[in-house]
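Report on the following structure.
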Amino acid sequence: MAAAGGGDGEREMHVLAVDDSSVDRAVIARLLRNFKHRVTTVESGVRALEMLGLEPNVNMIITDYWMPEMTGFELLKRIKESKDLKKIPVVIMSSENVPTRITMCMKEGAEDFLLKPVKQSDVSRVCSRMMR
């Protein structure tokens, strides 16, 4: 298997990107597609759960922390409580560096916590860990 970076030998991951900001959804989708991953974007935690009900074949979820209706933390909890979805790694993103929030998400089962603006190096690190 090639090192993370979009080489032809890598398996394609399907990533669900969840963010209420259309700009942030586009940025994270572009960063993930640079690594040749298939990306589905949705604008809320509610839509993410609906999508996962229709297409549970997702290898990773990257979600914003602050969203209307359902926060990324609430989405994380719902996924980790589901017998069908709990094995999907969840990465939380936020523009706020709040150590207690980061710790809370990690204790609840988040794979990682990325600070916005998310950089290509952040995506590379997370994706290479998921590919192992």
Side-chain angles (χ1 to χ4, degrees):
M1 186 178 295
D8 292 335
E10 294 179 6
R11 71 178 169 90
E12 178 187 68
M13 285 194 342
H14 182 194
V15 181
L16 176 61
V18 188
D19 201 312
D20 59 312
S21 163
S22 60
V23 171
D24 287 342
R25 278 196 313 272
V27 168
I28 195 68
R30 181 181 50 79
L31 292 173
L32 288 161
R33 288 181 180 127
N34 285 344
F35 287 97
K36 309 293 188 240
H37 298 312
R38 182 174 155 220
V39 182
T40 301
T41 62
V42 295
E43 70 283 354
S44 70
V46 172
R47 286 283 300 126
L49 291 173
E50 289 172 359
M51 206 266 345
L52 288 165
L54 298 172
E55 187 180 343
N57 221 4
V58 168
N59 304 102
M60 180 172 65
I61 299 165
I62 296 184
T63 181
D64 185 30
Y65 184 88
W66 281 119
M67 296 181 291
E69 297 180 49
M70 177 186 294
T71 67
F73 180 71
E74 291 166 332
L75 176 60
L76 169 68
K77 286 179 66 168
R78 296 277 297 272
I79 289 166
K80 295 306 175 184
E81 290 167 357
S82 166
K83 72 176 183 61
D84 296 327
L85 304 174
K86 67 181 174 186
K87 292 194 186 297
I88 301 173
V90 179
V91 175
I92 307 283
M93 304 178 290
S94 180
S95 57
E96 300 174 341
N97 186 357
V98 180
T100 54
R101 183 179 303 151
I102 296 169
T103 300
M104 180 178 69
C105 289
M106 299 304 284
K107 283 184 179 175
E108 193 63 41
E111 190 68 33
D112 208 336
F113 195 104
L114 304 178
L115 291 175
K116 293 181 180 181
V118 176
K119 300 180 291 298
Q120 191 73 53
S121 58
D122 297 326
V123 173
S124 175
R125 178 176 41 93
V126 168
C127 289
S128 66
R129 204 173 26 198
M130 296 302 128
M131 300 290 281
R132 285 186 202 151

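Computed from a predicted model, the values in this text were never measured in an experiment. Just the heavy atoms: all of them, side chains too, but no hydrogens, waters or symmetry mates, feed the values below.
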Kindly indicate whether the side chain of [X], heavy atoms from C-beta on, has any atom under 4.5 Å from the side chain of [Y].
| X | Y | value |
| --- | --- | --- |
| Leu114 | Arg125 | yes |
| Ile92 | Thr63 | yes |
| Val91 | Phe113 | no |
| Met93 | Asp122 | no |

Measuring from [X]:[atom1] to [Y]:[atom2], what's the distance to the nearest 0.5 Å?
| X | Y | atom1 | atom2 | answer |
| --- | --- | --- | --- | --- |
| Asp64 | Ser44 | CG | OG | 11.5 Å |
| Phe35 | Ser124 | CZ | OG | 4.0 Å |
| Tyr65 | Lys116 | OH | NZ | 13.0 Å |
| Arg33 | Ile28 | CZ | CD1 | 11.0 Å |
| Met106 | Leu76 | CE | CG | 10.0 Å |
| His37 | Ile62 | NE2 | CD1 | 9.0 Å |

What about [X] and [Y], same hydrophobic cluster or not, with Ile/Leu/Val/Met/Phe/Trp/Tyr joined at side-chain heavy-atom distances under 4.5 Å?
| X | Y | answer |
| --- | --- | --- |
| Ile61 | Leu115 | yes |
| Val18 | Val118 | no |
| Val123 | Ile102 | no |
| Val90 | Val126 | no |
| Met51 | Met70 | yes |

Check [X] against [Y] and note the closest heavy-atom contact, atom names and distance.
| X | Y | answer |
| --- | --- | --- |
| Leu16 | Ala48 | CD2-CB, 3.9 Å |
| Ala17 | Val39 | CB-CG1, 4.3 Å |
| Met67 | Gly72 | CE-N, 3.9 Å |
| Glu74 | Glu69 | OE1-O, 4.1 Å |
| Glu108 | Phe73 | CB-CE1, 3.7 Å |
| Met60 | Cys127 | CE-SG, 4.0 Å |

Side chain of [X], backbone of [Y]: donor and acceptor closer than 3.5 Å?
| X | Y | value |
| --- | --- | --- |
| Thr103 | Pro99 | yes |
| Asn59 | His14 | yes |
| Lys80 | Lys86 | yes |

Taking side chain to side chain contact (heavy atoms under 4.5 Å, CB included) as the definition, give me every residue that meets it alongside [X], ordered by chain and number, with sequence neighbours left out.
| X | value |
| --- | --- |
| Arg30 | Val27, Asn34 |
| Glu43 | Arg25, Arg47 |
| Ser21 | Asp19, Val23, Asp24 |

Atom CZ of Arg101 with >12 non-hydrogen neighbours under 6.0 angstrom: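 Counting neighbours around CZ of Arg101, more than 12 heavy atoms of other residues, nucleotides or ligands fall under 6.0 Å, so yes.
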
